Amino acid sequence: MDSIGSLGLQQGEGAPSCPQEGLPCPSNSSEMVQECLQQFKVTGAQLRQIQTSLLGSMEQALRGQVGPAPAVRMLPTYVGSTPHGTEKGDFVVLELGATGASLRVLWVTLTGIEGHKVEPRSQEFVIPQEVMLGPGQQLFDFAARCLSEFLDVLPVDNQGLQLGFSFSFPCHQTGLDKSTLISWTKGFKCSDVEGQDVVQLLRDAIQRQGAYSIDVVAVVNDTVGTMMGCEPGVGPCEVGLVVDTGTNACYMEEARHVAVLDEDRGRVCISIEWGSFSDEGALGPVQTIFDHTLDHESLNPGAQRFEKMIGGLYLGELVRLVLVHLAQRGVLFGGHTSPVLRSQGSILLEHVAEMEEFLSVLRETVMLLAPNCDVSFIPSVDGGGRGVAMVTAVAARLAAHRRLLEETLAPFRLTREQLAEVQAQMREAMAKGLQGEASSLRMLPTYVRATPDGSERGDFLALDLGGTNFRVLLVRVTTGGVQISSQIYSIPECVAQGSGQQLFDHIVDCIVDFQQKQGLSGQSLPLGFTFSFPCRQMGLDQGILLNWTKGFNASDCEGQDVVCLLREAIRRRQAVELNVVAIVNDTVGTMMSCGYEDPHCEVGLIVGTGTNVCYMEELRNVASVDGDSGQMCINTEWGAFGDDGSLSMLSTRFDASVDQASINPGKQRFEKMISGMYLGEIVRHILLHLTSLGVLFRGQQTQRLQTRDIFKTKFLSEIESDSLALRQVRAILEDLGLPLTSDDALMVLEVCQAVSQRAAQLCGAGVAAVVEKIRENRGLEELTISVGVDGTLYKLHPHFSSLVAATVRELAPRCVVTFLQSEDGSGKGAALVTAVACRLAQRTRI
Ligand code: 0WK
Ligand code: BGC
Ligand code: BGC
């Protein structure tokens with residue numbers, strides 16, 4: 001040991017003195033040295049104990065449980081896959097903390113060609129002690145200065161540089177570029193950094209430096225850089241081990257084992273932070289008095305106990321403490337110590353450790369403790385710089401994808417101003433429609449003048465056509481309330497888009513089938529017909545179909561009185577007696593149905609296959625109906641709002657694609673931005689667009705995704721359900737045969753959220769327009785009103801209803817609006833309208 005001289009000491013033979021009172025006095029110095037070194041001998045049993053306890057602590061931390069003793073941290077790193085080898089580009093890498101009191105800057109070029117490597121350029125900078133222990137800002141400013149100094153000598157332009165930050169300390173990461181320092185280790189103790197996002201601190205320092213515009217794209221732990229950088233002959237490395245100033249390891253863990261992650265598929269790299277492992281039971285027996293002294297005198301007593309037995313920052317110090325111990329007992333250096341030997345940190349790692357030997361002992365120990373694992377140790381060629389660049393390349397790609405996703409979804413993110421504009425436009429269209437002026441809102445009188453008053457009685461047949469299901473109902477209205485029995489019948493697409501006669505014959509077939517099943521054959525009960533399409537009514541039982549919507553397109557119906565069409569079909573089917581009393585829109589049926597329970601219910605809203613709203617308007621405002629007193633329910637047919645182009649400022653290229661592909665292009669524009677028949681298609685078109693940009697599914701367009709209506713609107717409700725978000729997305733998209741990564745799944749979720757949020761907000765802006773109209777009609781400061789609602793999308797989507805209510809509160813603050821979900825659908829409402837009509841008819845007959 002030629003360095004003895006450098007410790008200011010002489011080789012010498014001294015007589016040993018008794019170390020401790022009451023302990024047997026060793027006969028000679030070598031015995032005392034052996035006894036001293038014996039303490040560093042760790043038995044196989046002790047190693048197994050440590051292995052078991054470490055594994056236990058790892059699993060405990062993965063389950064998110066905290067044990068009594070400081071344990072390992074098991075920190076997710078947001079690195080979800082080992083390198084594809086396709087990463088390419090030039091990256092700046094800043095390494096801080098891996099090699100003690102120095103930082104390193106590298107320029108790494110990734111060629112993206114397997115095996116073709118460009119030697120990175122690098123420069124090391126020594127970090128002054130006062131910077132390692134001073135204010136955090138000083139440290140990050142120092143790093144930013146080193147960055148500039150390094151880049152100054154490189155032929156690079158100072159724009160758009162992408163940097164990967166290798167920060168070798170325990171951090172809570174919440175993204176590839178967001179990481180909060182938990183605690184300093186390894187001789188660092190800067191103030192105002194623990195608990196802070198170190199990426200932001202670096203960004204701020206680079207900003208202050210102002211020499212280069214550098215985008216800090218990713219932050220990784222040095223173990224991750226080491227794992228990602230190694231290119232062994234056989235397959236990617238799945239463990240990264242650092243034994244340098246400090247020590248730590250990372251590895252690829254199954255995502256389902258990591259409690260904090262909402263993911264059950266795929267893998268994620270976990271930084272173990274085993275430096276903090278110190279289970280008294282396992283480590284206690286192998287810790288020597290020297291380990292306790294070292295810890296006691298360290299910058300962070302009680303912390304990083306495992307690291308203090310392994311890390312290069314400490315091995316030299318342990319040796320120094322042993323030498324002082326033996327010298328003070330006269331066993332070494334003639335019993336002399338020197339100021340250098342007594343000074344902390346005077347013996348460094350390079351003084352004591354031979355790496356070869358370390359590696360062979362490491363291999364032997366791993367083979368001893370994990371005989372079933374064939375482990376190869378691949379020394380990193382560049383200390384992980386290339387690995388950090390790989391992660392940065394992946395992060396840069398994800399960041400670029402995120403920007404493209406935000407650009408694509410930005411038009412769906414409506415501002416309060418835009419929604420208020422929709423509300424104002426709708427008010428204007430309502431006023432024009434009521435006055436019979438040109439307007440995209442037809443504001444159709446329904447001849448329903450009152451909501452039920454509870455005196456209705458009798459048995460009624462009701463039909464409910466126009467939603468997801470065609471239903472025939474028997475509605476019994478008694479003093480005890482309303483009993484309903486109903487049957488759902490399908491309307492095949494060929495019938496919905498066949499001839500009108502075929503459609504109405506099919507309807508009558510269903511009625512007859514229902515009557516037979518209900519034992520009503522031959523009875524001519526009053527019938528209420530919920531017909532959920534725009535009809536100009538001249539009376540309660542007269543309704544001219546203006547145009548089909550929602551995928552219906554039966555011929556020879558538009559312009560016809562559908563009550564007549566039904567009656568003709570009944571006539572064609574001899575031997576059937578039916579008394580069609582009323583035709584109502586499903587919004588009216590829903591309002592009446594809810595109005596039976598809550599008299600405040602004066603608005604009916606449907607958000608299902610299609611969308612629409614009706615409300616009780618003052619007759620004086622309805623130009624097309626005589627009379628100035630009283631009210632009449634108006635069917636707004638808001639689905640057609642914007643058909644005059646008044647919504648073009650909000651319409652996106654995806655809305656245009658859906659409209660052009662529909663059977664009624666240019667029509668029902670508002671409906672096509674809101675309702676269940678179209679939201680899935682809007683999402684599908686956005687996914688196709690993002691795939692074409694390479695943002696999704698690695699740019700692979702699949703036949704399935706190009707299939708119309710393959711992405712059902714109900715998928716949005718399932719995907720956006722809080723409980724099983726990512727898992728749900730995967731299952732659904734895999735069923736669609738889409739090869740997806742977890743990042744893809746997250747992006748699909750965001751696309752669904754953007755599309756459904758816009759739909760709900762537009763719907764809310766519409767309802768706000770209607771309730772404000774009613775409030776102003778009545779000259780009220782404040783209006784309390786209920787809205788009866790039905791429709792699959794409104795009922796099943798996890799957030800739609802709350803988003804609608806929030807938008808109404810925002811845009812109509814002087815209206816207290818309660819949304820009542822209709823339980824029995826609008827069939828009951830149609831029966832109640834029929835009952836009112838029958839009651840009024842009876843009264844006029846008396
Ligand atoms: C159930 C109502 C029906 C209405 C339907 C709308 O009874 O009148 O048309 O809701 O919702 P959808 O079935 O289109 O989702
Ligand atoms: C840090 C780890 C790091 C290790 C090796 C430890 O002190 O906590 O984050 O990976 O040193 O540099
Ligand atoms: C129809 C309306 C109906 C709405 C909800 C729209 O397509 O035009 O009459 O109320 O769908 O079913």
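Remember, predicted model here, so these are calculated numbers, not experimental data. Just so you know, residue 1 is the first one in the sequence shown, and it goes up from there. All ligand and atom numbering here is 1-based and tracks the order in the structure.
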(request) Give the protein residues with at least one non-hydrogen atom closer than 4.0 Å to an atom of ligand 1, ordered by chain and number. (result) D464, G467, T468, R471, T530, S532, D586, I606, G608, T609, D790, G791, T792, G825, S826
(request) Step through the shown structure and confirm whether more than 12 heavy atoms of other residues, nucleotides or ligands are within 6.0 Å of NE2 on H172. (result) no
(message) Give the atom numbers and elements of ligand 2 that come within less than 4.0 Å of a heavy atom of E273.
(response) 1 (C), 2 (C), 8 (O), 9 (O)
(request) Taking only heavy atoms of V242 into account, list the atoms of ligand 2 that are under 4.0 Å away from them. (result) 5 (C), 12 (O)
(request) Spell out, as yes or no, whether a donor-acceptor pair under 3.5 Å connects the side chain of Q537 to the backbone of G543. (result) no
(message) Check whether S532 reaches the backbone of L465 with its side chain - one donor and one acceptor, N or O, closer than 3.5 Å.
(response) yes
(message) Check this for me, if you would: do K828 and E597 make a salt bridge, where the nitrogen-to-carboxylate-oxygen distance has to be below 4.0 angstrom?
(response) yes
(request) Please confirm whether the backbone N or O of I606 pairs with a side-chain atom of D790, one donor and one acceptor, at under 3.5 Å? (result) no
(message) Geometry only, no angles: is F169 polar-contacting ligand 2 at N/O separations under 3.5 Å?
(response) yes
(message) Can you work out which protein residues put a heavy atom within less than 4.0 Å of ligand 3?
(response) S532, F533, P534, T549, K550, N585, D586, T587, I606, G610, T611, N612, E637, Q668, E671
(request) Output yes when a side-chain donor or acceptor of S822 lies under 3.5 Å from a complementary backbone atom of G825, and no otherwise. (result) yes
(message) Is it the case that atom NZ in K667 sees more than 12 heavy atoms from other parts of the structure closer than 6.0 Å?
(response) no
(message) Under 4.0 Å between a side-chain nitrogen and a carboxylate oxygen: does that hold for K308 and D295?
(response) yes
(message) In terms of relative ring orientation, are F167 and F169 parallel, tilted or perpendicular, with 30° and 60° separating the classes?
(response) tilted
(message) Run the ring pair (Phe, Tyr, Trp, His ring centres under 6.0 Å) test on W548 and F531 for me, step by step, so that the C-alpha distance in whole Å, both residues' side-chain angles and the decisive distance to 0.1 Å come before the verdict.
(response) CA-CA 11 Å; W548 285 115; F531 184 75; 5.7 Å; yes
(request) May I ask whether D244 has any heavy atom positioned less than 4.0 angstrom from an atom of ligand 2? (result) no
(request) Could you tell me which atoms of ligand 2, counted from 1 in the order shown, lie closer than 4.0 angstrom to a heavy atom of T185? (result) 1 (C), 6 (C), 7 (O), 8 (O)
(message) If we ignore hydrogens and angles and just use 3.5 Å, is the side chain of E671 paired with the main-chain N or O of T611 as donor and acceptor?
(response) yes
(request) Would you please determine whether P170 falls within less than 4.0 Å of ligand 2 on a heavy-atom basis? (result) yes
(message) Under 6.0 Å from the ring centre and within 45 degrees of the ring axis: does the NZ or CZ of K550 meet both conditions for the six-membered ring of F533?
(response) yes
(message) Suppose I only count heavy atoms of D222 and a 4.0 Å limit; which atoms of ligand 2 are within that range?
(response) 3 (C), 5 (C), 10 (O), 12 (O)
(request) Specify whether F470 and H506 have parallel, tilted or perpendicular ring planes, treating 30° as the upper limit for parallel and 60° as the lower limit for perpendicular. (result) tilted
(message) Please determine whether the number of non-hydrogen atoms from other residues, nucleotides or ligands lying under 6.0 Å from atom CD of E493 exceeds 12.
(response) no
(request) Pull out every atom of ligand 2 sitting under 4.0 Å from any heavy atom of N221, numbered as shown with elements. (result) 2 (C), 3 (C), 9 (O), 10 (O)
(request) Between T247 and ligand 2, find which residue part has any heavy-atom pair under 4.0 Å and reply side chain, backbone, both or neither. (result) backbone
